[in-house]
Each structure stands twice: as C-alpha cells, then as structure tokens.
Amino acid sequence: MSLAIALVVAALVGLRLASRWSLGARRWLMPVCVAALGVALWHGACALTQTKIFPTPLESFGAIFELGRTSRLWNDVVASLFRVTWGFGLAAAVGIPLGLWIGWSSRSFLALNPLVQALRPISPIAWIPIAILWFGIGDLSAIFLIFLASIFPIVVGTTAAVQNIPQVYVRSAANFGLAGFDLVRRVVLPAAMPQIITSLRIALGVAWLVIVAAEMVGMQSGLGYLVSDARNMGKRYDLVVAAMILIGLIGIVLDVLVRRLEQFDEVRWGFAKR
Amino acid sequence: MNAAKPKPKVVFEAVAKDFERRGEALRVLDPIDLVVREGEFVCLLGPSGCGKSTLLSIAGGFEPPTAGRVLIDGEPVSAPSPRRVFVFQEYGIFPWASVWDNVALGLRALSKEQQYERIQATIDLVGLTGFEKSYPMELSGGMKQRVGVARALAVAPDVIYMDEPFGALDSLTRLTMRAELIRIWQTRRPTILFVTHDVDESIQLADRVVVFSPRPGRIAGIVEVGLPHPRDLGSSRYGEIKNELYELLGVRHAI
Ligand SMILES: Nc1ncnc2c1ncn2[C@@H]1O[C@H](COP(=O)(O)OP(=O)(O)OP(=O)(O)O)[C@@H](O)[C@H]1O
Ligand SMILES: [Mg+2]
C-alpha cells in the first residue's frame, strides 16, 4: 500500500512541475505520470477488495518478465506482427490505388461506392468462419482477416481525400497539361497524401484490434492466443493482463511509426497548424 | 499608343453564362463583347459576384460559356492549355512541392539542361533566388504569389490570367508586387487579363480598365489609362481616372 501512496505522490508532484520541463520531456513524462496514477489506483483497488483472482500490478508486471524469460512471448509477438504487417501492407497496396480511382472517376464511384459501404460495416470477426473455410487455421487466414479489416478505412479515406482536393489544384494541373500517370503522381496522390496517412493510421489501429480478436478465436499463436490460452490453462489472469499491457504498448509503437510519415516535406503542409 | 495597333489576341464574342441553381437558370454574365490586343494589360474591375472569375474561367477553357465564344489568335477556346496560364488568388501553387518543383510543373517536355536554365532564370526574375528548395508553407504570402507568377512565366505563355492574385496580401506587399508585375510584363510582354475589385490596383496596372456592372455582369464602360510607367499616383490624371471608375461602378467617391 505504501508503494501505491508513494507512486501517487510522485506522479502528482511530477504533473505539478510539468510546466518547468521542456516540451520534449513533457511529451514523455506527463503520460508516464498519468500511467503511474492509474497503476496506483489499480493497486489500491486490489488491496481494498482483497481480490484473490484479479492480479495486482506487481503480479502482472512479474508475469511480463515470466513471459519474457521463455521464448513464448517473443514468438507470439512476432506471429501477431507478421500477420499485421502482411495484411496491412497488402491492404495499403490495394486500397490506396483503389481509393484514388474511386475518388477520381465519378463513374467508378457510382459503381463501387455502394459495394464498399455495404461490405464496410461487416465486422472482420464475422469473416472468421469463412477465412478458416478458405485458408484453414494459420497465418493465411489471419492475413486475410487483417486485409479485410484495414482495406475499408484506407479505401474510404483515400476516396474522400481525392474528392476533397481543392479545385485550384485540379485546374492548375489541367492548365499545365498534366494527364494520366503524371497527373496522379504529381497532383492527385500528393494532394490526397495527408488524409491517406491519417486513414493508414486508423487502419493500422483497427488491424491491431482485429488481430488479437482473431487470434483469440481461430489461431494457435500470437498475442490474442496468449490471452485466451492464459485464461484457459489454469485461469492465469496475471498472464492475461500482462498480455493486454503488451498489446497496448505495441499499439502505441505502431501508431508512432505511422506518424513518422507525417514528417516528410511532401506532406508536412497537411499537418501543420494543429 | 503605337501607330500600328497590335493585333487582337483574346476576343470575347457575345460570351454569356448561366448557372443552374436549384433547377433555375441564374444569369451570371450578360453577353460580353471585348477585344484584348496582343501584349495588352487589361484589368477587369467590378463588384463581388458580378462574374469576373467566371469570365476568366471561360477564357481559360475551364468552363464552357452558355452562349458565344472566346477566340485566342482566332481559334476558339475549348480546353485549358499551357499557352495561356492562370495565376490563382491564393492556394494555386502546390504545397507538397518545393519552389523549384512548382516552377518546373509546365516544363516537363524540355530536356534536363533546358529545364534547369529556364527554372533558374524564372526564379531569379521573380526575386526568389535562394529559396529554390523551400516549401510554400515556409514562405510569406507575397513569396507564395511570386511562385505562382514564376510557375506561369516559366512556360512563356502568350496570355496570363490573374484572378485577384494579390487579394490576400497586405497593402505594402501588394504595392511591391504590382511594381514587380509591371517590370516583368515589360520584359516579357505577355497579354494579361487581371481581375480585381481594387480601383487603385486597376489604375496602377492596366492599359485599359474594363468595368463590370453588378450581376448579371455586363460591361459598364472601358477606361483608357494611358499613363506611362512608372505611374505617378499623385497626378491629376490619376485622380480623374479614379473618379471616372467610381462613377462607372456607381459608387460615390467622397465619403
Ligand atoms: N459553379 C457555380 N455554380 C453556381 N453558381 C455559381 C458558380 N460559380 C459562380 N457562381 C455564381 O456566379 C456569380 C459570379 O461568380 P464569380 O465567382 O464569377 O464572381 P466574381 O465577380 O469573381 O466575384 P468575386 O469578386 O467575389 O470573386 C456568383 O453570384 C456566384 O454565386
Ligand atoms: Mg472572383
């Protein structure tokens, strides 16, 4: 209990002094302080309710180290990331050109947009039986599901991005005789790029959500499987929570990686002044 | 003016435009007849909403007229072309491309060396030397508009359409930009159609000012400026022209 109180005090002092830190330090330290407050609250709640089943923070962090000592954790992380990388990568490779096309040509918008809007609300989880039917239990199924989960945000985002391109850019392009591939490469794609990056961010978030769910239901490895396996094999809730914490942390890392794209000179204009 | 009149460059023949609005036709331009001569600097002056931008879009080939036609060198305009280039009010240049790449936009057909030479010369001409690698978001409003002008000049067009190009700039920068534009126009001698609703701007720039009436736009009158550059803004002739323009616009000059 004293540990929890010490944490609360440290976090509150940290937040109070935050204004004295540099912006770079604040970006790290303030979320860490808030996380420390959350951990202290969690610890306090466990102590108050005297729970025997729900793990304390210490038990959970201990479980992370227990997982880390075996190769189990590493294998599961790699399995999940492998599936997400392929599924998401394929979705981007198909979804961006498709979105550019649907957004640019009003005929393809009329023809394809209803289909996209009809498929979009179907949860990727609902596709699991079909994925297993087509691809069996394994990486291929998971990649297919991640592909489905991430392609719709990408297509819809890219379509909207192209439709929102200001008329002056389109007219400038026409004025200087740009057409065909040149037009796409020099105007349509760069004009839509900031919004495409935002849709990639959303899609990757969804992909990470879905991979865990898919692995809980239909896979034999990965972080989602780790969660369901820990529960089934002797109700190890400390392992469950440990896996959840790791899923969250990897999610942050993935988001930071995508946001790196916002720093390129070619797209900075779309993210400035926020 | 010269003894031998230059030949007609841009000819508006009864150009009219209706826009559809909720099923009804909205008349924006009554038939416009106007002849702009080669190398001439013409300002289109009129109140907001009178159809100046619309007329320019039609001349640029971006929009079809409802009736009539626009001829350039005797050929009817049907589509945009790099022979006649637009400078847009504010955001016409590409924010994702450097100054250099923006100016290079219309020069894709040239060889690498020719491109290089032309781009550098144009950037120097508009006074952006040293900013070749900058991106538009790193430039001031006036510099951005210089990029727009450079991008247009680079393709050596016969006709330049400018739609309130200095509208978003502060009054000091606007004055500088006008002087620069006149300097560039005197070096290259393109035909310029320049839209503005600033009376002073039109007198400082134009050979002739075409005044439009409120919507539906029609030509209320044409004023020859006939002052040599650089123009003395305090001269009595300047004041006379100003009064004439205000009268055509239907506004009282004195407040
Ligand atoms: N695409 C369009 N559809 C319907 N109406 C339009 C369209 N474009 C312009 N209009 C109408 O035509 C009229 C003239 O517009 P235009 O942009 O040519 O005016 P303007 O003289 O350039 O005005 P400003 O000085 O404010 O730029 C306006 O009343 C506008 O509402
Ligand atoms: Mg206008």
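Basis for what follows: all heavy atoms, side chains included, without hydrogens, waters or symmetry-related copies. Being a predicted model, the structure only gives us computed values, none of them experimental. Letters go in sequence order (proteins before strands), and every chain restarts at 1.
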Give a yes or no on whether [X] atom [atom1] has more than 12 heavy-atom contacts from other residues, nucleotides or ligands under 6.0 Å away.
X: B:Tyr116; atom1: OH; result: no
X: B:Glu24; atom1: CD; result: no
X: B:Met143; atom1: CE; result: yes
X: B:Glu117; atom1: CD; result: no
X: A:Trp21; atom1: CH2; result: yes
X: A:Phe135; atom1: CZ; result: yes

Residue pair [X] / [Y]: nearest heavy atoms and the distance that separates them:
X: B:Arg108; Y: A:Asp182; result: NE-OD2, 3.2 Å
X: B:Pro82; Y: A:Gly177; result: CG-N, 4.3 Å
X: B:Phe88; Y: A:Arg171; result: CZ-CB, 3.8 Å
X: B:Gly92; Y: A:Val168; result: CA-CB, 4.2 Å
X: B:Glu138; Y: A:Arg268; result: OE2-NH2, 3.0 Å

Below 4.5 Å from any heavy atom of chain A, which atoms of B:Val85 appear? Answer side chain, backbone, both or neither.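 Looking at B:Val85, backbone and side chain both touch chain A.
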Using atom types as modelled and distance alone, determine if a side-chain donor or acceptor of A:Asp265 lies under 3.5 Å from a backbone N or O of B:Ser134. no
Can you tell which of B:Trp96, B:Tyr135, B:Phe86 has the highest number of heavy-atom pairs within less than 4.5 Å of chain A?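 Ranked by contacts with chain A, first place is B:Trp96.
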Quick check on the interface: out of A:Gln167, A:Met193, A:Glu266, who has the most heavy-atom pairs with chain B under 4.5 Å? A:Glu266
Contacting moiety of A:Pro190, where chain B heavy atoms sit under 4.5 Å: both
